[in-house]
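Notes for the one structure printed next.
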Number of protein chains: 2
Amino acid sequence: MLHPDAEQIELSLVLAALSDPTRLSIIRQLAEDGEAMCRRLDFGSKSNLSYHFAKLREAGVTRTRIEGTARHISLRREDLDARFPGLLDSVIKAAASYPRLTTEADVTDGA
Amino acid sequence: MLHPDAEQIELSLVLAALSDPTRLSIIRQLAEDGEAMCRRLDFGSKSNLSYHFAKLREAGVTRTRIEGTARHISLRREDLDARFPGLLDSVIKAAASYPRLTTEADVTDGA
DNA sequence: TCAATAGTTCATCAAATTTTGAACTTTAAG
DNA sequence: CTTAAAGTTCAAAATTTGATGAACTATTGA
């Protein structure tokens, strides 16, 4: 479970991580909800979601916290703001036009 | 020679266009010099440079002005600022760490 | 202990990206 | 008209990316 140091975060990797529509949907969800768990997202296959989360994490865009068997994913806002001021905010605003990946669970239970 | 309208510019295409190190070098050069001509850039092959310029142009990041046989490339700063406020500025600042693609010509003649 | 849950890792495959060189188009110059 | 210069376009090769299912690891609960 690798997270790059804040200083090692590389622009081209961050932009590549953010350039995929699926991952922009994830970013939107994280920006709105604060933290996401894999199982709460509607997604084709577990392994593909795992792949996208790894892309974001390895680029330094997200941090993954492990709690039991669950992974809690959040944006590395401060690290990104320090390294690339303004970048994440502008992307988050623009990502509002991408669809959410919300599960029924989110709608029906109160979490 | 297609340029998307300002309103049609798509975030994921812009981020994909900006996510390549070669193109970040081009962006840096354009931000510093205002306009670039293909022949002024040190580059492996003409066709590959043409390809990278097309990527930037088709994503809406640059505008290409034709003058005789030469192409003059410039950033679409206003269009991008209107559509994704702050995005281009933050990328330009961060792109300063990518190498220039300067030719000898730029150094020796005064253009 | 046994089974279920949550997610990772691996192999594979399809699709998209990047690079190269050759052929082509257009403009300018002699 | 002929030639050269500046780029574009096309086709082929190399690389990378993204998707899928099966096998695997680790934690939780009965």
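Only heavy atoms go into these numbers, but all of them, side chains included; no hydrogens, no water, no symmetry mates. In what follows, chains are A, B, ... by sequence order, proteins preceding strands, each numbered from 1.
Per the geometry, NZ belonging to A:Lys55 stands 19 Å off C1' belonging to C:dG7, to the nearest Å. Distance CG (A:Leu56) to P (C:dT8): 12 Å, rounded to an integer number of Å. Taking atom CZ of B:Arg65 as the reference point, atom P of D:dA6 lies 16 Å away to the nearest angstrom. Between the CD1 atom of A:Ile73 and the P atom of C:dA6 there is a distance of 15 Å, rounded to whole Å. Rounded to an integer number of Å, the gap from CZ of A:Phe43 to C1' of C:dG7 is 14 Å. One atom, CD of B:Glu67, and another, C1' of C:dT26, lie 15 Å apart when rounded to the nearest Å. If you measure from atom CG of A:Asp42 to atom P of D:dA19, you get 15 Å, rounded to the nearest angstrom.
Side-chain atoms of A:Ser50 never come within 3.5 Å of backbone atoms of A:Ser47 as a donor-acceptor pair (strictly under, hydrogens ignored). Within the 3.5 Å criterion, the main-chain N or O of A:His72 finds no donor-acceptor partner in the side chain of A:Glu67.
Distance from the side chain of B:Asp20 is smallest to C:dT18 among C:dT18, D:dG7, C:dT26.
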Compile the donor-acceptor pairs under 3.5 Å between side chains in residues 53-64 of chain B and protein atoms, sequence neighbours left out, one pair per line.
from	atom 1	to	atom 2	distance (Å)
B:Arg57	NH1	B:Leu2	O	3.2
B:Thr62	OG1	B:Arg57	N	3.3
B:Arg63	NH2	B:Asp79	OD2	3.2

Tabulated below should be each protein N or O lying under 3.5 Å from an N or O of nucleotides 8-15 of chain D; please produce it.
from	atom 1	to	atom 2	distance (Å)
D:dT8	OP2	B:Ser50	OG	2.1
D:dT8	O5'	B:Ser50	OG	3.3

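For the residue pair A:Phe84 and A:Leu11, the shortest heavy atom distance occurs at CZ-N, 3.6 Å. Taking all atoms of both residues into account, the shortest heavy-atom contact from A:Ile92 to A:Arg77 is CD1-NH1, 3.6 Å.
Residue B:His52 places at least one side-chain N or O under 4.0 Å from the OP1 or OP2 atom of C:dT19. Here B:Asn48 does not reach the OP1 or OP2 of C:dT18: none of its side-chain N or O atoms lies under 4.0 Å away.
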CA sep, side-chain torsions, deciding dist, call: B:Leu49, B:Ile26, side-chain contact (heavy atoms from CB on, under 4.5 Å): CA-CA 10 Å; B:Leu49 185 55; B:Ile26 293 173; 4.2 Å; yes
